[in-house]
Amino acid sequence: MHARLIALCLAATTGCATASAPAPRLFPSTMAVGSMGERTQFELDDSSTSGSVGRDAPDDDVGDTDKKKRRRKILFFVGLAGVGFGGVGFTGFGIGGRVVQGQMANAIEDNSLTRDEKATLTTRGEVLNALAITSAVIGIAGVLTASIAYGIDHARCGDLPPRRANCPDRDEAQADPPPAEATAQ
């Protein structure tokens, strides 16, 4: 037994393969994984396709009303406003925090900082930092809102530019150009 163990350790450290130790198995040999060509019981069960879900279910893109398009446009522009507010607020409040930090550093350097001034500057700095963080969060939420609304609008051939080249209404417009006489008048 010891000889086999030494031979196995020696083979493992030198990279040589031995025929004495079988390779470890990940699954027991009695476990059957299945055949790729056979359908599962779930696929054979007809109850899973009954109801409104199935191959004949209507597409979500059909029936995209003007109200939904208008809602996506509003969400997109609200998201852009959030991005603008977040960027301007983060920058402005961040600069304000640096100004307060500089005021505190100058007062400490001059030895003219009282406890009341220190408390006031500390509170002002904490408020400006909180406002900068809040502005950044609003900006990130705006980016998410605008990009999600734009992505959905783009996927559903909405009004936000640039539109996809393979939109159904665009394909219909290109297939039937207006007569030349109608455009000339």
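Worth knowing before you read on, the calculation uses all heavy atoms, side chains too, and leaves out hydrogens, waters and symmetry mates.
- Taking CG of Asp153 as the start and NZ of Lys69 as the end, the distance is 8.0 Å to the nearest 0.5 Å.
- Between Leu121 and Gln101 there is no side-chain heavy-atom pair separated by less than 4.5 Å.
- Atom CZ of Phe93 is separated from atom OG1 of Thr134 by 8.5 Å, given to the nearest 0.5 angstrom.
- The cluster map of Ile, Leu, Val, Met, Phe, Trp and Tyr, joined by side-chain heavy atoms under 4.5 Å apart, puts Phe77 and Tyr150 in the same cluster.
- Once rounded to the nearest 0.5 Å, the distance linking OG of Ser135 with CD1 of Ile140 reads 11.0 Å.
- Here the straight-line distance linking atom CD1 of Ile108 with atom CD of Gln103 works out to 12.0 Å at 0.5 Å rounding.
- Between the CZ atom in Arg115 and the OG1 atom in Thr120 there is a gap of 14.0 Å [rounded to 0.5 Å].
- Val83 and Val137 fall into different hydrophobic clusters, where Ile, Leu, Val, Met, Phe, Trp and Tyr residues are linked whenever their side-chain heavy atoms come under 4.5 Å apart, directly or through other members.
- Note on Ile152 and Leu80: separate hydrophobic clusters, where clusters join Ile, Leu, Val, Met, Phe, Trp and Tyr whose side-chain heavy atoms are under 4.5 Å apart, directly or indirectly.
- The structure places CZ of Arg72 at 13.5 Å from NZ of Lys67, a figure rounded to the nearest 0.5 Å.
- Linking ILVMFWY residues whenever their side-chain heavy atoms come closer than 4.5 Å, directly or via other members, leaves Ile138 and Val78 in distinct clusters.
- Surrounding CZ of Phe76 are more than 12 heavy atoms belonging to other residues, nucleotides or ligands, all under 6.0 Å away.
- Judged purely by atom type and a 3.5 angstrom limit, Thr91 has no side-chain atom pairing as donor or acceptor with the backbone of Val88.
- Closest of all the heavy-atom pairs between Gly94 and Ala132 is N-CB, 4.2 Å.
- Considering every non-hydrogen atom in both Leu75 and Thr145, the closest pair reads O-CG2, 3.5 Å.
- When side chains are defined from C-beta on, Thr114 does not count as touching Lys118, because their heavy atoms never get closer than 4.5 Å.
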